[in-house]
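Atom set for the values below is all heavy atoms of this structure, side chains included, hydrogens, waters and symmetry mates excluded. Note that this is a predicted model, so its numbers are computed, not measured.
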Amino acid sequence: SLDYALKSLQVAQKAGLLIESNSASKTLYEVYKSKGEYSQALKHFEYFKQTNDSLFNLEREKKMANLEAKADIEKKELAIQKQEVEIQKQ
């Protein structure tokens with residue numbers, strides 16, 4: 001389990017895979033904690049928290065971008081509706 005998790009973390013970090021890095025670091029934290037290797041457990045827990053925060057921020061940014069896009073679409077639709085009303089008045 002330890003060797004697999006270490007290899008997983010290494011591969012995930014090299015590939016820039018944040019979710020997989022997060023998962024592997026959590027696993028490593030749990031393994032080291034259960035073995036009583038608290039220094040290593042702390043190291044991986046801190047990395048887990050860091051990647052967790054990054055994932056949270058990415059998700060928040062994605063939601064904000066979606067909300068902004070929806071607001072832009074609604075503004076454009078409203079402008080089109082106003083133009084259609086003006087054309088009908090002519």
Side-chain angles (χ1 to χ4, degrees):
S1 174
L2 179 60
D3 291 336
Y4 177 76
L6 285 168
K7 184 68 176 170
S8 294
L9 181 59
Q10 181 183 25
V11 169
Q13 286 176 327
K14 282 185 181 179
L17 302 172
L18 199 54
I19 293 172
E20 289 78 5
S21 293
N22 180 266
S23 178
S25 62
K26 182 178 181 188
T27 299
L28 286 165
Y29 155 69
E30 291 169 348
V31 169
Y32 282 120
K33 181 180 171 192
S34 71
K35 293 176 72 174
E37 296 182 32
Y38 299 112
S39 176
Q40 286 295 322
L42 178 60
K43 172 184 156 186
H44 290 288
F45 180 77
E46 288 173 344
Y47 187 71
F48 164 72
K49 289 301 291 175
Q50 178 186 352
T51 56
N52 215 41
D53 290 347
S54 295
L55 287 168
F56 175 79
N57 290 335
L58 286 172
E59 186 63 29
R60 187 183 62 201
E61 289 172 10
K62 190 187 307 183
K63 286 180 181 179
M64 287 297 296
N66 283 338
L67 288 173
E68 289 172 359
K70 285 180 183 180
D72 287 343
I73 290 170
E74 288 176 5
K75 285 179 187 177
K76 289 177 183 176
E77 288 175 349
L78 186 58
I80 290 169
Q81 289 174 357
K82 286 181 181 180
Q83 288 175 350
E84 288 174 348
V85 168
E86 290 297 321
I87 291 172
Q88 290 175 358
K89 287 182 180 179
Q90 293 177 357

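A 4.5 Å side-chain heavy-atom check between Glu84 and Ile87 finds every atom pair outside the cut-off. Counting heavy atoms from C-beta outward, His44 and Val31 have side chains that stay 4.5 Å or more apart. For the pair Lys49/Glu46, no side-chain contact is recorded, criterion being any heavy-atom separation below 4.5 Å from C-beta on. Under the 4.5 Å side-chain criterion, counting only non-hydrogen atoms from C-beta, Leu42 is not in contact with Tyr38.
Between atom CD of residue Glu77 and atom NZ of residue Lys70 there is a gap of 12.0 Å, rounded to the nearest 0.5 Å. Atoms CD and CD, on Gln90 and Gln88 in that order, are 10.5 Å from each other to the nearest 0.5 Å. Atom CD in Gln83 sits 10.5 Å away from atom CG in Leu78 (nearest 0.5 Å). In this structure, the separation between CZ on Arg60 and CG on Asp53 is 10.0 Å, given to the nearest 0.5 Å. Between the OG atom in Ser8 and the CD atom in Gln13 there is a gap of 11.0 Å [rounded to 0.5 Å]. Atom NZ in Lys82 sits 12.5 Å away from atom CD1 in Ile80 (nearest 0.5 Å).
Of all non-hydrogen atoms in Ala12 and Ser21, the two that sit nearest each other are CB-OG, 3.4 Å. What you find for Phe48 and Asn22 is that their closest heavy atoms are O-ND2, 3.2 Å.
Neither Leu17 nor Tyr47 shares a network with the other; the hydrophobic side chains, linked directly or stepwise wherever heavy atoms of I, L, V, M, F, W or Y lie under 4.5 Å apart, form separate groups for each.
Panel note: side chain Ser23, backbone Ile19; no donor-acceptor pair is recorded below 3.5 Å.
Annotation: ring pair (Phe, Tyr, Trp, His ring centres under 6.0 Å) contacts of Phe45 (sequence neighbours excluded): Tyr29.
Residue pairs meeting the salt bridge (charged side-chain N to carboxylate O under 4.0 Å, His left out) criterion with at least one member in residues 19-39, sequence neighbours excluded, are Lys35-Glu37.
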